[in-house]
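This report refers to the structure that appears directly beneath it.
Everything numeric in this text was worked out from a predicted model, so none of it was measured. Atoms within a ligand are numbered from 1 in the order they appear, just like the ligands themselves.
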Amino acid sequence: MLDASQASRARFITFEGGEGVGKSTQVKRLLANLANAAIDAVRTREPGGTAKAEAVRSFILQGRSESWGPGGEAVLFAAARLNHVNELIAPNLAAGRWVISDRFHDSTRAYQGLTGGVDDKLIVALETLALDGHGPDLTIMLDMDPEIAFKRVAQRAIEDGLALTGDRFEKEDIDWHKRLRASFLAIARDNPDRCVVISAEQSEDALEAAIWSVVSAKFPELAGRARA
Ligand code: TYD
């Protein structure tokens, strides 16, 4: 039997993965599917989500934090996260709205920790401080060979008529991105109850369906509810 409070508790879902794996599209599609299943949900992203965290985002992505080193950048991401949790994530969950975030704490662990070499003790301390108990109920890790992801990013830039400049992390080399991929997979292996790895090397429609089956299997309150 489902406990009534369990059934109605708002859920927190995060999407993680390397560059160009198609997270943003899938976050939007999940929101549409949840709306169709009569679930009230908000979409957010990291770094960002609140005015203060968006200010930290532009500082970092413009490359202005690079000289701080990975440890300094981990602290900056955590400062943005602390505000994001306090001002957006916790209040929405408390109000009964599901929260879907494009990246969250696993990105700090993967980019700055496992790939950037920041000591695990600092990563754990920052997680404890910034999350304050508000960890995700489910993390969807979108996995893709970085060689394929790079081609997709380049193709998208051509289609959008944009120059492929590369922000703070997009300009790292392919070996770095391979280590990043391994880092996310290691996090998923260490957290099997929370993380599900899904191959992003499939069509957007097939990926959307795979994500919906994971989400609806994880949360019993979605059983029998329709997808868009
Ligand atoms: P963004 O343009 O949102 O990239 P993506 O579309 O791949 O999510 O830029 C966010 C960048 O910041 C991305 O390169 C990942 C990186 N990042 C970290 O290094 N640590 C973090 O904790 C977070 C949240 C993001």
* ligand 1 contacted by Arg57 (non-hydrogen, < 4.0 Å) -> yes
* Contact with ligand 1 for Glu73, non-hydrogen, under 4.0 angstrom -> no
Report the part of [X] in contact with ligand 1, treating N, CA, C, O as backbone and CB onward as side chain, heavy atoms under 4.0 Å; options are side chain, backbone, both, neither.
| X | value |
| --- | --- |
| Leu61 | side chain |
| Gln112 | side chain |
| Lys23 | side chain |

* Asked: Among Asp190, Asp119, Asp120, whose salt bridge (charged side-chain N to carboxylate O under 4.0 Å, His left out) with Arg109 holds?
  -> Asp120
* **Given Arg57, Arg43, Lys28, Lys23, the one that forms salt bridge (charged side-chain N to carboxylate O under 4.0 Å, His left out) with Asp102** => Lys23
* Does the gap between the ring centers of Phe77 and Tyr111 come in under 6.0 Å? -> no
Provide the number and element of each atom of ligand 1 under 4.0 Å from a heavy atom of [X].
| X | answer |
| --- | --- |
| Glu19 | 7 (O), 13 (C), 14 (O), 15 (C) |
| Pro47 | 10 (C), 24 (C), 25 (C) |
| Arg81 | 22 (O), 24 (C) |

* Test side chain to side chain contact (heavy atoms under 4.5 Å, CB included) on Leu222 and Leu34 and set out the steps. => CA-CA 9 Å; Leu222 294 179; Leu34 287 171; 4.3 Å; yes
* Asked: Could Lys178 and Glu147 be called an ion pair, given the rule that one side-chain N must be under 4.0 Å from one carboxylate O?
  -> yes
* Establish whether Phe104 and Val124 are linked, either directly or via other cluster members, by ILVMFWY side-chain heavy-atom contacts under 4.5 Å. => no
* Test salt bridge (charged side-chain N to carboxylate O under 4.0 Å, His left out) applied to Arg45 and Glu54, step by step -> CA-CA 9 Å; Arg45 68 169 181 185; Glu54 291 288 335; 2.7 Å; yes
* Answer yes or no: does an N/O atom from Asp102 fall short of 3.5 Å to an N/O atom of ligand 1? => no
